[in-house]
Amino acid sequence: HEEPLIFELDNPGVTGVDLEAAPAVTSRLGGLKARAGIGLPGLSEPTVVRHYTRLSQKNFGIDSTMYPLGSCTMKHNPRLNEKLARLAGFSDIHPMQPQSTVQGALELIDQLAHWLKTLTGMPAVAMSPAAGAHGELCGLMAIRAALQARGETGRTRVLVPESAHGTNPATAAFCGFTVDAIPAEANGRVSVEAVKAKLGPDVACIMLTNPNTCGLFEPQVKEIADAVHAAGGYFYCDGANYNAIVGRVRPADLGVDAMHINLHKTFSTPHGGGGPGSGPVVLSDALAPYAPLPYVVHGADGLRLVEHAADAEGRPFGRMKAFHGQMGMFVRALAYILSHGADGLRQASSDAVLNANYVKARLQDVMSVPFDGYCMHEALFDDRFLKDTGVTTLDFAKAMIDEGFHPMTMYFPLVVHGAFLIEPTETEPKATLDQFIGAMRHLAGKAKAGDAAHFLAAPRYTPRRRLDETGAARKPVLRWTPPAA
Amino acid sequence: HEEPLIFELDNPGVTGVDLEAAPAVTSRLGGLKARAGIGLPGLSEPTVVRHYTRLSQKNFGIDSTMYPLGSCTMKHNPRLNEKLARLAGFSDIHPMQPQSTVQGALELIDQLAHWLKTLTGMPAVAMSPAAGAHGELCGLMAIRAALQARGETGRTRVLVPESAHGTNPATAAFCGFTVDAIPAEANGRVSVEAVKAKLGPDVACIMLTNPNTCGLFEPQVKEIADAVHAAGGYFYCDGANYNAIVGRVRPADLGVDAMHINLHKTFSTPHGGGGPGSGPVVLSDALAPYAPLPYVVHGADGLRLVEHAADAEGRPFGRMKAFHGQMGMFVRALAYILSHGADGLRQASSDAVLNANYVKARLQDVMSVPFDGYCMHEALFDDRFLKDTGVTTLDFAKAMIDEGFHPMTMYFPLVVHGAFLIEPTETEPKATLDQFIGAMRHLAGKAKAGDAAHFLAAPRYTPRRRLDETGAARKPVLRWTPPAA
Amino acid sequence: MRYLPLTEADRREMLAAIGAPSVDALFGDVPLAARLDQPIAGLAPHQGELQVERALSRLAARNVPAGSCPSFLGAGAYRHHVPAAVDQLLTRGEFLTSYTPYQPEVTQGTLQYLFEFQTQVALITGMDVANASMYDGATACAEAVLMANRVTRRNRAVLSGGLHPHYREVTATTTGVLGVDLVTLPADPKGIEDLTAAIDDKTSCVVVQNPTLFGHVADLTPLAEACHAKGALLVVVVTEVVSLGLMPSPGSMGADIVVAEGQSIGNGLNFGGPYLGLFATRDKFVRQLPGRLCGETVDADGKRGFVLTLSTREQHIRREKATSNICTNSGLCALAFTMHLSLLGEVGFTGLAQLNHAKAVQLADKLAAAGVTVANDGFFNEFTVKVDGDAAALVDRLADEPLLAGVPVSRFYPGQADLAGLLLVAVTETTTEDDMDALVNALKDLALGGTK
Amino acid sequence: MRYLPLTEADRREMLAAIGAPSVDALFGDVPLAARLDQPIAGLAPHQGELQVERALSRLAARNVPAGSCPSFLGAGAYRHHVPAAVDQLLTRGEFLTSYTPYQPEVTQGTLQYLFEFQTQVALITGMDVANASMYDGATACAEAVLMANRVTRRNRAVLSGGLHPHYREVTATTTGVLGVDLVTLPADPKGIEDLTAAIDDKTSCVVVQNPTLFGHVADLTPLAEACHAKGALLVVVVTEVVSLGLMPSPGSMGADIVVAEGQSIGNGLNFGGPYLGLFATRDKFVRQLPGRLCGETVDADGKRGFVLTLSTREQHIRREKATSNICTNSGLCALAFTMHLSLLGEVGFTGLAQLNHAKAVQLADKLAAAGVTVANDGFFNEFTVKVDGDAAALVDRLADEPLLAGVPVSRFYPGQADLAGLLLVAVTETTTEDDMDALVNALKDLALGGTK
């Protein structure tokens, strides 16, 4: 059933919030005239509750079905973590409270920082970045600051493999670097030779994702790191896939200088329809002095926030965000780490990789696998198996919806044609994987049997069928406007 | 998509709860052997969260659509009340804590009792009954105790109008009385003459619902009360429909001796798929001394629970429930009362009655109205308008589901044929009523146009189509059993 | 007013459609003398969330939450840890704001969890079938006696002295009006009463609690045999349902009806309510069950589905001939129960029971080592401690620390000198060793004749 | 381990299907030297909910929640009352556990609320269009400068001395690496700076906050005219979005880009994050917007629906030519914002703003009556108080009561003697008269030279 826009539910004069009467005072707006006629709709609480309940019913979430979006890591969001993030001692403290009144909050940040450093083997971490791409920016700014401190301002080129997330080149450009692409090898990996061929005195760093976006661990990662270091560059690791190796590999042991950790992926803070995330960046000794403000230090009277460069030991490159980072996500991530513990974190990575390999093994005879061997936490397929069927990866994805599953990530990474990137995560039981595999095999069979019509008509059972994205972009309608009278 | 039973999701050995290791001790089970092999299924937290999320998606609630179940009062459940009921100071206190540690809880009970007494004009209230039917039992037990105290143990007959809720005769029987039915008048009311005709020295009380189950205010209620009193009986008022008159009529002014208040209906505590409810009973001076244990009194050191007859001023007839009543519902009801305030409570009743009359007025030309005049909070129709269409009230109800609405109460009250009892409540906006009216008119038109097939096939879009209730009762399967190997 | 969506313009328009001059006119059937025109005395006008939240938070702040200090309270209500997922799922509007599933096509969610709930209750009690819940354990107990009377067509019930006194009182109140002959044994703090002697040919049932109020545990098999030999039913009451994860099931010991308080699983203390009565029995008695039942069936397409069934037992069909007058039950509490038990599963439920028992043994050992007398030989997670002097006074004094030391037996049996020194002490998985040491220290001082 | 559904038997079976001898074998590409075989140093094994909850609750208990005492903290983060419905709807799994709506057929819920959110933001800012959110107000401010540079093809931005210093720092950090020429005016505690003088032909934009850090409010129309006369854009920053319910909209005063911190509506203080950056502009600049945009379209059946659109601006399509690198944004915070604002509606939003302002005036009047100097003439819900001596020391001292007296300006501008006596004091609808009196009493003692 249709749910109108809130503006179409407007009943002028109605409100869903009751306020106490304002005290009678003389307004002091500095001569400004009070505003009127904003145009916000009036809705009662019952109407609002029903509106958002109905909207939610038009969504898939992890809670409703398997959501194997590769690279996005849609794993279960533990409910304890939601409860703890809402404790008044975390949720109702102001970022500028006197530090004596937020010692527990500073300690939470410090504890989480400790575990992030311990897990990655890195000596420092910048906690404030708000998301993965923001973490990339933080890492590249630290690299830039370190290069400046070395007086090497001519290092303006950043190496980015073709398979990288779009944020990598975007971030490098956003940080004032030029981007130089490294081609992928036929086996889906980056070779040390290809990297060496691009190195030079103008190279600031390489941005390498590991495990990479094909779901493969880069076997030459250490050699690449060494080569980049030898050439005077830094190794920025995109940690979007760190969840595959937590407790099994420490990035420090791979020669990493900086790596962001998507707390929302690796430590399962909720994705919330597109955020908020949190992207702390672990840093090597070489980059640690340039970590941005503010950060927590141990002082004589307890923990203390360093908020100004003048108080800093190192040479912070600046500030990333209004306040201290995504506290709400920190609470959830720490709860996740303590809940899983040393054994659970390792088991989670192991199960994530096992689940992906199981999906790959059970589908490889009916779909097409671009790269041989075991994968890490994601199983990558290409669209060769759909050749001459008239069915595209997109069509296949829409047909998966009718089978009750959220589609995988499609058309990414760009290095394979018509990519299917499937990340089941460790929180899917085998029974669900078997159902998923069954549905995928069923669809692959249908496509090969020539039933393209089935795919072209999909999805059938959703609140909306396929949407006209081209039309949306051609003449953008980005807001509601009142119908002409 | 199908959701298996939890037993079918069993993965033995898996658990959704982690426990600390038990201390090493020698068991002291008094010689009993520890149990094994209960047969409970093993599910992880992700699986459990998804299971119940999916189950919930098979339900209609007030939050998802208009739910005009007559007599059930499906009004909006304010979310503030859910939050407040979960405050540790209410939700995490033990019923047998020392009373010095629960003074706020006792005061909450006392405050709510005060408002219930004030709203109804009654001098006393028994707070512990757990639901409406339990409240009826409480009221009848108080009447029984009062009669015994008067030495009139021969009063064993209880008068119950034909239109009464089934709980009325059931309660009377459960309390050891015999039930004598009073026929309804042609106008849907109970007449004082009909009551007088049944009165006699063996009548303990009348159980009268007001507003009655036809959605009508009993105009002769005061005369009936006087007649019953004159005959030595008591007037038990079924307060299920009290929500129609809060702030506009005080039951005390109608001669009521006892009336339960369904907090879940009148003050909108959530119905939760069938409970819990709460059914405090207001009592007249004549019945107050017999109120059950425990209850709150004002003592020298603050508030105090009277838990034993020996400490009571009156002659409590006993105890209804293990502890002090439905505290969780009390919190919600008090929050509701304070939120609405004096103006809001009256406005809520007024709007409930207005909404019902609007529905009645807008549908009376296409449906059939058994009783003329204004209704109170419910609009009653019968099935005469479906005569010769091949469509029954049940069929019509199922077709309403396909229109996106929960059906009204059907086949109740019993005094009209094929009843449609529609209670929109005050929390439905006019726009929703207009949609509902449109859908009902559409269906009425369809039925009259001879499209019975449309109704017989309904509902079409639900997780299940019509269910075989006869088969279910003939050979009851009341639990899952493992499939034979 | 945030809950009321009508505007004055709406109201005028609607009155016009109705053809009524005013809303007051709609109330024309109300006798003039009974029309209330002035506002409700003393009640303020509508208030915002912030104001209401403040008012109720002030009340809440005047209570001492059991979780805020060491707490050993039990006696029919237990503080267990409820996983966070339970409440977050419970508050989904489709569960919270749904009604009794009378329209099964749009309430398969409620019906399926009730079916799962009934199965879980049957499994843990060791019985064949269970209903969809009662108000609480005490009302379920009363209903069990009435049902036993219906089944046996007898009218005499024997209540153990180990039965929770509130259950005894509710049973007496409820069955008293129907003239049931109740034989009530005296308080049995030592767990030594002989119930078999009380059974005769007129006895419909024996009602026994396991563990008892005083924490004693027993093998009920001999008692069941004695009941059955006389044609009586054995009704077993369980007030701490977690015990069923470790102790032999009532069903395995021969119970005919099992009633229990389900609060421990999924539900908070809530100052005594809402709670959750469990009710289970043998297949052959199913048509005598009180309360709602959910049953499996098929839909028009032959797919498995669920409906409320056997409703001819119930008041809305059967009226004065119903097996009970219960209508609204504890649906949402049952949902909390079934969700928590689904999370626990076999491993978690048995593990939770073992943990509770082991911690209780640990405390009993600590108390004994400190010279405090524990009256019980066997127990599950609660036992009786003997103190010198008045246990109630001691509990009141310790409450000021705050330390909630347990429930004094005298709160149930006032004025019985022989029980005045008895204290019921319960332990759950939420009890820490620090909590235990606090209690041991408080009681040790007394045991050693010290003062605090 | 409660989150992991695989059993050892599952794992064995799956490895067999894969044809791998062990899970370790799957990690064969990891260099031997980098394989971690010992457990993570110092990290305990997995723990139950109860244990984790205790550990984190202990940390939470070491903070003083702003709501537990009188609090006057603002300076870019405000404590407002969020209706209970917001959080209960927000935590519905279909919202909470959904991803960026890349598959619009199964995320119409997310897309529709984003469309409604964008419209609400456009309405309250008085602009044509808004994006689907940024990380926070400060990062949105930096993006606004970059966007102004793209639009004007200029490279010089003027930042007001009333701009929140953290916004200035984030903007400097972000634009510094791209060589943007930032002209930063000194702190403007009196609200008297002349920004027009700083605009030249190379200026891409002027960034001005209203109300300023110090609480001053201004009619920005003349400034907008001055900007436009030189071909520069006016970027207006709003850190207290509730002010838009009472003050003239930035759009009505001529703003070209409006960025704001949306935390005040729907979102808690959360010690600074996650927050919600709002970003709105004129239609003509829409293809220069950073961040996600939701747009209306139709589906295959011609029904209205919503999709993410204009993604060629974004990094996942455009890579290094994107308008920003932002990917994950603040979706859930935007949902909280739009739900709260839907509840407020026109009446509630304007009423809330009036209430905030009236209470702030009330406090200012009380302070003035007590002899405390309020530096502002006009203000919305926050103003600057002058105290004798060091405001930071005063705040620290009062924190022990606890009373959170406000934000000392020196926390932003350490070492500037002329600012050391300034205290930023914010009032919201959650401030009671008792709270005000507590602050007045604390400051009066000082104003009168008394000591506490």
Side-chain angles (χ1 to χ4, degrees), chain B residues 15-17 22 25 30 40 42 52 55-56 58-63 87-89 91-92 94-96 98 101 104 130-131 133 166 169-171 173-174 176 179 217 219 253 270 272-277 318-319 322-323 326-327 341-342 344 358 361 374 429-430 462 464-465 472 477 479-480, chain C residues 5 10 14 18 29 34 39-40 43 45-46 59-60 62-65 73 89 93-94 97-98 100 105-106 108-110 119 135 138 166 169 173 177 217 268 271-274 295-297 299-300 305 309 315-316 319-320 322 325 328-329 331-332 343 345-348 355 358 361 378 399 407:
Chain B
T15 179
V17 173
V25 294
L40 295 171
Y52 291 102
L55 286 191
S56 77
K58 299 178 191 291
N59 266 14
F60 276 14
I62 315 164
D63 282 6
L87 291 174
S91 64
D92 193 27
H94 189 283
M96 302 305 280
T101 66
T171 300
F174 202 71
V179 176
F217 194 92
D253 298 332
R319 177 182 280 269
F323 300 108
Q326 307 285 65
M327 184 69 177
Y358 181 66
Y374 300 134
K430 178 172 176 295
T462 44
R464 285 293 177 272
R465 298 186 51 224
V477 178
R479 61 173 285 186
W480 175 84
Chain C
D10 289 333
M14 291 164 76
I18 295 165
D29 279 342
I40 299 146
L43 183 58
H46 66 281
L59 292 178
R62 291 180 53 217
N63 304 316
V64 178
L73 295 158
L89 291 166
E94 298 91 331
T97 74
S98 193
T100 306
E105 298 87 353
V106 290
Q108 283 296 300
T110 300
T119 307
Y135 306 132
H166 291 172
E169 290 172 33
T173 301
V177 293
V217 295
F271 202 47
E296 184 181 320
T297 187
D299 81 347
T309 193
Q315 38 68 31
H316 63 283
R319 297 177 82 86
E320 65 263 38
N325 76 330
T328 290
N329 58 14
L332 206 64
L343 282 163
E346 182 86 8
V347 169
L355 179 59
V361 173
V407 179

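Below, all heavy atoms of this structure are taken into account, side chains as well, without hydrogens, waters or symmetry copies. Just so you know, these numbers come straight off a predicted model, no measurement behind them.
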Between [options], which shows the greatest number of heavy-atom pairs under 4.5 Å with chain B?
| options | value |
| --- | --- |
| A138(C), A34(C), G348(C) | A34(C) |
| N329(C), T110(C), D10(C) | N329(C) |
| T297(C), V177(C), T100(C) | V177(C) |
| E169(C), E296(C), Q315(C) | Q315(C) |
| A358(C), A60(C), G378(C), G295(C) | A60(C) |

Interatomic spacing from [atom1] in [X] to [atom2] in [Y] - rounded to 0.5 Å:
| X | Y | atom1 | atom2 | answer |
| --- | --- | --- | --- | --- |
| Q108(C) | T462(B) | CD | OG1 | 8.5 Å |
| E94(C) | I62(B) | CD | CD1 | 12.0 Å |
| F271(C) | M96(B) | CZ | CE | 10.0 Å |
| L87(B) | N63(C) | CG | CG | 10.0 Å |
| L343(C) | T15(B) | CG | OG1 | 7.5 Å |
| R479(B) | T119(C) | CZ | OG1 | 6.0 Å |

So which of [options] has the biggest tally of heavy-atom pairs under 4.5 Å with chain C?
| options | answer |
| --- | --- |
| A22(B), G318(B), A342(B), G344(B) | A342(B) |
| A361(B), A472(B), G274(B), G30(B) | G274(B) |
| A173(B), G176(B), P98(B) | P98(B) |
| D253(B), D92(B), D63(B), L55(B) | D92(B) |
| G61(B), A131(B), P169(B) | P169(B) |
| F217(B), Y358(B), Y52(B) | Y52(B) |

Could you look at [X] and say if it's the side chain, the backbone, both or neither that has a heavy atom under 4.5 Å from chain B?
| X | answer |
| --- | --- |
| V106(C) | both |
| T328(C) | both |
| I18(C) | both |

Nearest heavy-atom neighbours spanning [X] and [Y]:
| X | Y | result |
| --- | --- | --- |
| T173(C) | R319(B) | OG1-N, 2.9 Å |
| T101(B) | A399(C) | CG2-CB, 3.8 Å |
| Q326(B) | P274(C) | OE1-CA, 3.2 Å |

Indicate yes or no: at least one non-hydrogen side-chain atom of P276(B) is less than 4.5 angstrom from one of L332(C).
-> yes
Where do H166(C) and F323(B) land on the side chain to side chain contact (heavy atoms under 4.5 Å, CB included) test, with the steps shown first?
-> CA-CA 8 Å; H166(C) 291 172; F323(B) 300 108; 3.7 Å; yes
Backbone N/O of F60(B) and side chain of S98(C): donor-acceptor pair under 3.5 Å | yes
Pair M14(C)-K430(B), side chain to side chain contact (heavy atoms under 4.5 Å, CB included): steps then yes or no | CA-CA 8 Å; M14(C) 291 164 76; K430(B) 178 172 176 295; 3.8 Å; yes
